[in-house]
Amino acid sequence: MAGQDPMLSTSHPFYDVARHGILQVAGDDRFGRRVVTFSCCRMPPSHELDHQRLLEYLKYMLDQYVENDYTIIYFHYGLNSRNKPSLGWLQSAYKEFDRKDGDLTMWPRVVSNSWLKPSSRLSLPKYWDYRYKKNLKALYVVHPTSFIKVLWNLFKPLISHKFGKKVTYFNNLRELREHLKCDQLIVPPEVLRYDEKLQSMHQGRPPPSAKTPPPRPPLPTQQFGVSLQYLKDKNQGELIPPVLRFTVTYLREKGLRTEGLFRRSASVQTVREIQRLYNHGKPVNFDDYGDIHIPAVILKTFLRELPQPLLTFQAYEQILGITCVESSLRVTRCRQILGSLPEHNYVVLRYLMGFLHTVSQESIFNKMNSSNLACVFGLNLIWPSQGASSLSALVPLNLFTELLIEYYENIFSVPEAPGGHGLAPRGQGGRAAPLQEAVLQTQATALTKPSLSPSALIAARRHL
């Protein structure tokens with residue numbers, strides 16, 4: 001079936017709906033918001049789909065992400081008289097997501113669905129309904145038609161002004177991509193063909209951005225969107241990228257006990273401004289912005305914009321198999337998978353996981369245990385070389401990330417090393433080989449001194 005996830009199990013609680021591929025998770029946009037797509041072209045005729053089950057499946061999906069800011073992309077193409085739900089169903093669906101919750105003065109800051117302040121006057125169901133609306137930061141409607149406009153006017157009296165401001169229309173995919181900046185966006189082939197058909201109608205009048213400008217070489221001080229090797233070469237052989245080192249250092253000093261750390265997004269303008277400063281070699285003082293979540297977003301953005309994921313494309317399929325490994329052997333399997341990483345990736349990953357392990361140890365304050373952190377960082381560390389991760393892939397990707405954080409000390413202990421055969425052997429006199437020495441120094445400082453000594457870095461670079 002077109003659009004069906006090949007890894008979808010028949011035991012899935014919503015297999016009857018999920019098998020159509022109507023809903024997909026398209027990774028994160030550049031501001032750290034999870035992107036969920038709804039594709040009308042994948043909706044079967046109404047007599048083959050229980051629309052109430054579709055609504056329940058939508059809530060089931062969003063329940064996994066509404067603790068964070070998220071975005072929905074609605075691909076309207078493909079909706080027709082055969083698969084279109086009734087207006088009554090649309091109205092009931094809107095009411096389901098827009099329940100009024102009364103007094104929110106006691107609204108708790110909930111970061112996991114197993115923790116709720118006893119003093120809260122909100123019931124858990126109402127709290128979740130509130131978050132569907134509150135944490136939805138944008139609803140993008142692609143290829144809108146007159147039907148959408150009529151529908152919007154019909155529901156306008158019921159829709160709050162604040163929610164209405166979150167809705168944006170895009171007439172073509174080019175406009176969407178320019179606005180969203182999401183490399184992992186899932187677009188159904190039917191929508192792609194329809195978009196190409198629309199573009200061909202502009203006979204002799206191609207869109208202004210149809211001509212892709214030739215790629216420009218990165219700035220000498222470029223920090224985002226360039227490889228680890230480029231950053232190493234431009235920073236005197238330093239193994240830990242400057243943006244990663246600066247954000248980790250700042251968050252270690254001032255953000256470890258911030259509730260919901262890494263869950264919130266930041267303003268588009270602020271993120272772009274900080275990226276521009278870093279890319280032009282300008283200093284960034286996060287104190288000037290007065291928001292501890294900004295360096296957290298910058299850290300995630302840096303990882304997401306690497307040309308190749310930190311865990312590499314080659315490790316993707318191996319990581320997907322982690323759920324098939326017996327629980328008692330998973331830590332060992334993680335060590336084996338990391339053994340195939342390039343040495344530079346391994347050192348950077350070890351540095352990052354050591355920091356996230358420290359964050360998880362403060363979970364009594366920040367509510368970010370290893371599982372919550374894995375949900376945030378999983379898709380920022382690994383994604384496939386083509387397309388985006390499927391819904392079923394999120395489970396093993398997040399599990400693998402959780403294991404790296406939870407069992408950091410066991411997985412990243414010195415005897416196991418990149419290259420599949422351990423770190424370089426010790427030299428004469430018991431002195432560690434260059435890269436091993438660099439790793440040992442990172443461990444010894446416990447990340448309190450994120451930059452390694454110049455001598456160790458130079459030696460490590462020569463070794464590499």
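Atoms considered below: every heavy atom in the structure, side chains included; atoms not considered: hydrogens, waters and symmetry mates.
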Colleague: Starting at OG of Ser267, measure out to NE2 of His293 and round the result to the nearest 0.5 Å.
Modeller: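 So the OG of Ser267 and the NE2 of His293 are separated by 13.0 Å.
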
Colleague: Under the ring-ring contact (aromatic ring centres under 6.0 Å, His included) criterion, do Tyr60 and His12 qualify, and how do the steps go?
Modeller: CA-CA 12 Å; Tyr60 169 84; His12 190 286; 5.6 Å; yes

Colleague: For Tyr70, is there any backbone N or O sitting under 3.5 Å from a side-chain donor or acceptor partner on Arg34?
Modeller: no

Colleague: Go through the steps for Leu228 and Leu310 under the test side-chain contact (heavy atoms from CB on, under 4.5 Å), then give the verdict.
Modeller: CA-CA 9 Å; Leu228 294 178; Leu310 187 57; 3.8 Å; yes

Colleague: Can the ring centroids of Tyr346 and Phe412 be said to lie less than 6.0 angstrom from one another?
Modeller: yes

Colleague: With sequence neighbours excluded, tell me which residues meet side-chain contact (heavy atoms from CB on, under 4.5 Å) with Phe365.
Modeller: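 Per chain and number, Phe365 pairs via side-chain contact (heavy atoms from CB on, under 4.5 Å) with Arg257, Glu362.
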
Colleague: May I ask you to check whether Asp287 and Tyr250 show a side-chain donor-acceptor distance below 3.5 Å?
Modeller: yes

Colleague: Inspect the surroundings of OH in Tyr316 and state if more than 12 heavy atoms from other residues, nucleotides or ligands are less than 6.0 Å away.
Modeller: yes

Colleague: Does the side-chain contact (heavy atoms from CB on, under 4.5 Å) test come out yes or no for Leu338 and Phe400, once each step is laid out?
Modeller: CA-CA 11 Å; Leu338 297 190; Phe400 184 82; 4.0 Å; yes

Colleague: As a test of understanding, state which of Ile405, Val331, Ile337 forms a side-chain contact (heavy atoms from CB on, under 4.5 Å) with Ile411.
Modeller: Val331

Colleague: Are Phe286 and Ile298 close enough that some pair of their side-chain heavy atoms sits under 4.5 Å apart?
Modeller: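 Result yes, sub-4.5 Å side-chain heavy-atom pair found.
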
Colleague: Do the side-chain N and O atoms of Arg330 and Thr323 include a donor-acceptor pair separated by under 3.5 angstrom?
Modeller: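 No, no side-chain donor-acceptor pair sits under 3.5 Å.
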
Colleague: Looking at the rings of Tyr140 and Tyr74, which for Trp means the six-membered one, are their centres under 6.0 Å apart?
Modeller: no

Colleague: Are any non-hydrogen side-chain atoms of Met61 and Leu23 less than 4.5 angstrom apart?
Modeller: yes

Colleague: With Arg245, which of Val243, Thr249, Thr247 fulfils side-chain contact (heavy atoms from CB on, under 4.5 Å)?
Modeller: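 Looking at Val243, Thr249, Thr247, the match for Arg245 under the side-chain contact (heavy atoms from CB on, under 4.5 Å) is Thr249.
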
Colleague: Decide side-chain contact (heavy atoms from CB on, under 4.5 Å) for Val25 and Val35; before the verdict, give the C-alpha distance in whole Å, the side-chain angles of both, and the deciding distance to 0.1 Å.
Modeller: CA-CA 6 Å; Val25 177; Val35 177; over 6 Å; no

Colleague: For the backbone of Phe262 and the side chain of Lys300, can you confirm whether one donor and one acceptor N or O come within less than 3.5 Å of each other?
Modeller: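 Yes: the side chain of Lys300 pairs with the backbone of Phe262.
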
Colleague: For Asp195 and His143, which I'm curious about, is there any donor-acceptor pair between the side chains at under 3.5 Å?
Modeller: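 The answer is yes; a qualifying pair exists.
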
Colleague: For the backbone of Leu303 and the side chain of Asn380, can you confirm whether one donor and one acceptor N or O come within less than 3.5 Å of each other?
Modeller: no

Colleague: Kindly indicate whether the side chain of Phe170, heavy atoms from C-beta on, has any atom under 4.5 Å from the side chain of Val141.
Modeller: no

Colleague: Has the side chain of Thr358 got a donor or acceptor atom that lies under 3.5 Å from a matching backbone atom of Gly354?
Modeller: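 Yes; judged by distance alone, with no hydrogens or angles, the pair exists.
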
Colleague: Within the distance-only criterion (no hydrogens, no angle test), does the side chain of Thr258 pair as donor or acceptor with the backbone N or O of Leu261 below 3.5 angstrom?
Modeller: no

Colleague: Apply side chain to side chain donor-acceptor pair (under 3.5 Å) to Gln275 and Glu305, showing your working.
Modeller: CA-CA 11 Å; Gln275 285 186 290; Glu305 293 192 1; 3.1 Å; yes

Colleague: Quick one about Asn410 and Arg335 (side-chain donor to acceptor, distance below 3.5 Å, no hydrogens or angles considered), yes or no?
Modeller: no

Colleague: Please round to the nearest 0.5 Å and tell me the distance separating atom CG of Leu58 and atom CD1 of Ile22.
Modeller: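 If we round to the nearest 0.5 Å, Leu58:CG and Ile22:CD1 are 10.0 Å apart.
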
Colleague: Using distance alone, with no hydrogens and no angle criterion, decide if Asp233 and Gln229 have a side-chain donor and acceptor under 3.5 Å apart.
Modeller: yes

Colleague: With side chain to side chain donor-acceptor pair (under 3.5 Å) as the criterion, how do Asp69 and Ser265 come out once you've worked through the C-alpha distance, each side chain's angles and the decisive distance to 0.1 Å?
Modeller: CA-CA 7 Å; Asp69 296 341; Ser265 60; 2.5 Å; yes

Colleague: Is it the case that the side chain of Asn235 and the backbone of Glu238 share a donor-acceptor pair, with hydrogens and angles ignored and the cut-off at 3.5 Å?
Modeller: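 Judged by distance alone, no pair lies under 3.5 Å.
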
Colleague: Just do the side-chain contact (heavy atoms from CB on, under 4.5 Å) check on Val36 and Thr71 with the steps written out, would you?
Modeller: CA-CA 6 Å; Val36 179; Thr71 294; over 6 Å; no

Colleague: Are the side chain of Glu175 and the backbone of Asn171 linked by a donor-acceptor contact shorter than 3.5 Å?
Modeller: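 A pair under 3.5 Å: yes.
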
Colleague: Using only atom types and a distance under 3.5 Å, with no angle test, would you say the side chain of Asn372 pairs donor to acceptor with the backbone of Lys367?
Modeller: yes

Colleague: Would you check if the side chain of Asn279 reaches a backbone N or O of Phe224 as a donor-acceptor pair within less than 3.5 Å?
Modeller: yes

Colleague: Using modelled atom types and a 3.5 Å cut-off, is there a donor and acceptor pairing between side-chain atoms of Gln308 and backbone atoms of Leu306?
Modeller: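 Pair absent, no side-chain N/O of Gln308 close to backbone of Leu306.
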
Colleague: Taking the six-membered ring for Trp, are the ring centroids of Phe38 and Phe75 within less than 6.0 Å of each other?
Modeller: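 No, too far apart.
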
